[in-house]
Amino acid sequence: MTPSFWWIVPAAGIGARMGADLPKQYLELAGKPVLAHTLERLLAVPGWRGLVLALSEDDRWWEGLPQAAHPGVIRCCGGRERGDSVLNALRVLDGRAKERDWVLVHDAARPCLRVRDVQRLLAALADDPVGGLLATPVRDTMKRADAEGRVAATVPREALWHALTPQMFRYGVLREALESAAQAGAGVTDEASAIERLGGRPRLIEGHDDNIKVTRPGDLWLARVFLQAQSEEGA
Ligand code: CTP
Ligand code: MG
């Protein structure tokens with residue numbers, strides 16, 4: 001039995017690195033917008049109680065997506081940084097979510113997430129005191145650079161992981177961690193680092209490495225290949 005939970009989806013970015021004429025979450029991927037793929041997968045995971053989507057105030061595209069009419073999707077305003085968008089979405093759950101409810105935060109720009117990876121995350125962390133995140137082990141030899149672009153050190157890769165999403169934490173603790181990081185002006189780039197800031201030690205749950213974040217133009221092509229491969233293997 002996996003626990004019930006809330007989805008939070010930050011989708012308020014502008015996609016500067018993609019350099020397209022609309023935010024990357026609305027670019028076409030295998031016949032529909034990136035965000036439509038992402039939401040289809042999230043809504044297919046059994047056990048969710050509601051999904052809060054953080055959108056930019058300037059968003060002109062959301063209403064055109066089929067999920068805009070979904071009764072389980074609650075929209076809210078995004079913030080300056082990703083963490084601000086997530087915090088706004090958490091505030092929307094005030095009075096709806098209980099302190100100990102699980103919240104899963106997933107980037108709008110990760111359309112290749114497998115439903116089964118989410119189910120593994122939920123099952124692995126259901127009784128965990130802290131929570132955790134999907135992650136994949138680093139494969140390449142890692143180098144630390146100096147100011148001149150020369151190798152300062154080789155970093156042992158055995159203990160290094162790529163942090164992916166979803167990231168799964170309890171509502172009360174996550175909100176406190178993100179409020180505290182925002183107040184301190186500590187730029188946290190994911191939920192886990194906000195939890196770590198307060199001394200928590202999130203668990204790393206290995207996921208598939210096709211769960212990429214569409215970031216640069218070439219990533220759209222890669223995502224298309226991954227979606228095709230997943231549908232061929234029935235994932
Ligand atoms: N995001 C958000 N609010 C922000 C910034 C980002 O909700 N103020 C979301 C993005 O829409 C994306 C996710 O957070 O789904 C991950 O961020 P990232 O990949 O950095 O997206 P962008 O910020 O849009 O891209 P870039 O950094 O290239 O501008
Ligand atoms: Mg960004």
Side-chain angles (χ1 to χ4, degrees), residues 6-29 32-43 45 50-65 67-68 73-93 103-114 117-118 133-136 162-169 174-175 177-179 181-183 185-195 207 209-224 226-227:
W6 301 88
W7 277 123
I8 286 193
V9 183
I14 56 167
R17 285 168 288 180
M18 185 61 79
D21 49 9
L22 74 171
K24 61 189 181 183
Q25 56 274 27
Y26 294 111
L27 293 175
E28 193 262 346
L29 166 65
K32 54 191 158 197
V34 167
L35 181 57
H37 284 278
T38 306
L39 292 177
E40 255 177 35
R41 284 161 182 235
L42 302 190
L43 296 172
V45 180
L51 183 153
V52 188
L53 180 69
L55 297 173
S56 158
E57 278 181 19
D58 310 324
D59 192 296
R60 294 181 277 124
W61 303 275
W62 164 244
E63 293 299 336
L65 266 64
Q67 291 87 2
V73 176
I74 309 159
R75 61 178 284 187
C76 76
C77 263
R80 236 168 64 93
E81 304 291 334
R82 179 184 177 283
D84 303 315
S85 296
V86 172
L87 194 48
N88 283 354
L90 286 168
R91 288 176 181 146
V92 168
L93 288 180
V103 172
L104 271 67
V105 182
H106 183 67
D107 292 327
R110 294 185 189 270
C112 305
L113 173 67
R114 296 164 187 243
D117 274 1
V118 183
L133 61 149
L134 284 183
T136 55
H162 295 278
L164 311 176
T165 71
Q167 304 207 354
M168 168 171 168
F169 296 102
L174 180 58
R175 187 166 165 183
L178 285 174
E179 299 271 11
Q183 262 169 29
V188 291
T189 51
D190 70 349
E191 290 61 54
S193 31
I195 299 286
D209 53 13
D210 54 7
N211 179 14
I212 59 165
K213 183 158 66 88
V214 172
T215 305
R216 296 189 179 81
D219 296 336
L220 266 184
W221 176 84
L222 204 54
R224 191 166 300 124
F226 286 145
L227 291 180

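All ligand and atom numbering here is 1-based and tracks the order in the structure.
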Test side-chain contact (heavy atoms from CB on, under 4.5 Å) applied to Pro166 - qualifying residues, sequence neighbours left out
Trp7, Leu104, His106, Leu113, Val118, Leu121, Leu134
Sorted by chain and residue number, the residues with a non-hydrogen atom under 4.0 Å of ligand 1 are Pro10, Ala11, Ala12, Gly13, Ile14, Gly15, Ala16, Arg17, Lys24, Gln25, Gly79, Arg80, Glu81, Arg82, Ser85, Asp107, Ala108, Ala109, Lys213
Check whether Gln67 reaches the backbone of Leu39 with its side chain - one donor and one acceptor, N or O, closer than 3.5 Å.
no
For Leu222, does the CG atom sit with more than 12 other heavy atoms under 6.0 Å from it, leaving out its own atoms?
yes
With distance as the sole criterion, is a donor-acceptor pair present between the side chains of Ser193 and Asp190 under 3.5 Å?
yes
If we only count heavy atoms from C-beta on, is the His162 to Asp209 side-chain gap below 4.5 Å?
no
Rounded to the nearest 0.5 Å, what's the gap from CG on Leu174 to CH2 on Trp6? Could you check?
14.5 Å
